[in-house]
Visitor: 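Just dropping this structure here.
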Amino acid sequence: MIIKVLGPGCANCRTLERATREAVNALGLDATIEKITDYPTIAAYGIMSTPALVVDEKVLTSGRVPTPAQVRELLTNIIG
């Protein structure tokens with residue numbers, strides 16, 4: 001699983017990355033977490049508002065910071 005946190009590196013982006021790492025650890029997932037700060041790459045996903053969370057090239061959230069519990073729920077829905 002490849003998880004990308006998209007954003008310029010603002011406080012919300014760091015919070016989303018932290019929540020994502022917590023969720024991955026809590027679920028015991030084998031995942032790679034990448035930070036994407038390059039604006040053309042972010043725009044290529046159709047993201048207009050950051051931060052955004054992308055899992056296996058599917059945009060799950062954008063423009064908000066979900067809690068670790070919400071990220072766990074999103075990831076659980078993906079892994080089934």
Side-chain angles (χ1 to χ4, degrees):
M1 177 179 288
I2 298 176
I3 301 172
K4 298 178 182 178
V5 177
L6 283 59
C10 62
N12 283 340
C13 299
R14 291 188 302 271
T15 301
L16 176 57
E17 181 184 7
R18 190 169 36 253
T20 302
R21 289 187 186 281
E22 285 180 30
V24 166
N25 289 336
L27 294 170
L29 297 177
D30 181 21
T32 301
I33 299 174
E34 302 175 0
K35 288 174 60 174
I36 307 296
T37 58
D38 179 62
Y39 285 108
T41 303
I42 293 169
Y45 284 97
I47 302 298
M48 295 299 177
S49 183
T50 60
L53 184 65
V54 176
V55 177
D56 292 335
E57 299 305 311
K58 180 179 177 186
V59 177
L60 298 185
T61 67
S62 70
R64 66 183 183 91
V65 181
T67 65
Q70 290 170 326
V71 175
R72 273 195 312 274
E73 183 177 333
L74 290 168
L75 294 176
T76 300
N77 288 340
I78 287 178
I79 60 175

Visitor: Distance check, rounded to the nearest 0.5 Å: S49 atom OG versus N12 atom CG?
Guide: 9.0 Å
Visitor: Looking at CD1 of I79 and CG of L29, how far apart are the two atoms once the value is rounded to the nearest 0.5 Å?
Guide: 5.0 Å
Visitor: Are V54 and L16 connected in the hydrophobic side-chain network, where two residues link if heavy atoms are under 4.5 Å apart?
Guide: no
Visitor: Distance from L60 atom CG to K4 atom NZ, nearest 0.5 Å?
Guide: 12.5 Å
Visitor: Given the rule that I, L, V, M, F, W and Y join up when any side-chain heavy atoms are under 4.5 Å apart, are L27 and I33 in one cluster?
Guide: yes
Visitor: Can you tell me how far OG1 of T67 sits from CD of E22, rounded to the nearest 0.5 angstrom?
Guide: 9.5 Å
Visitor: Quick one: pull up CE in M48 and CD1 in I42 and give me the separation to the nearest 0.5 Å.
Guide: 12.0 Å
Visitor: Cluster question for you: counting only ILVMFWY and a side-chain heavy-atom cut-off of under 4.5 Å, with indirect links fine, are I47 and I36 together?
Guide: yes
Visitor: Tell me whether L53 is reachable from M1 by hopping between hydrophobic residues (I, L, V, M, F, W, Y) whose side-chain heavy atoms are closer than 4.5 Å.
Guide: yes
Visitor: On a heavy-atom basis, which atom in A23 and which in L75 lie closest, and how many Å separate them?
Guide: CB-CD1, 4.1 Å
Visitor: If you measure from CG on D38 to CG on L6, what distance do you get to the nearest 0.5 Å?
Guide: 9.5 Å
Visitor: Surrounding CD of E34 (heavy atoms of other residues, nucleotides or ligands, distance under 6.0 Å), is the total greater than 12?
Guide: yes
Visitor: Under a single-linkage definition using a 4.5 Å side-chain heavy-atom cutoff for Ile, Leu, Val, Met, Phe, Trp and Tyr, are V24 and V55 assigned to the same hydrophobic cluster?
Guide: yes
Visitor: Do E73 and T76 have side chains that approach each other closer than 4.5 Å (heavy atoms only, starting at C-beta)?
Guide: no
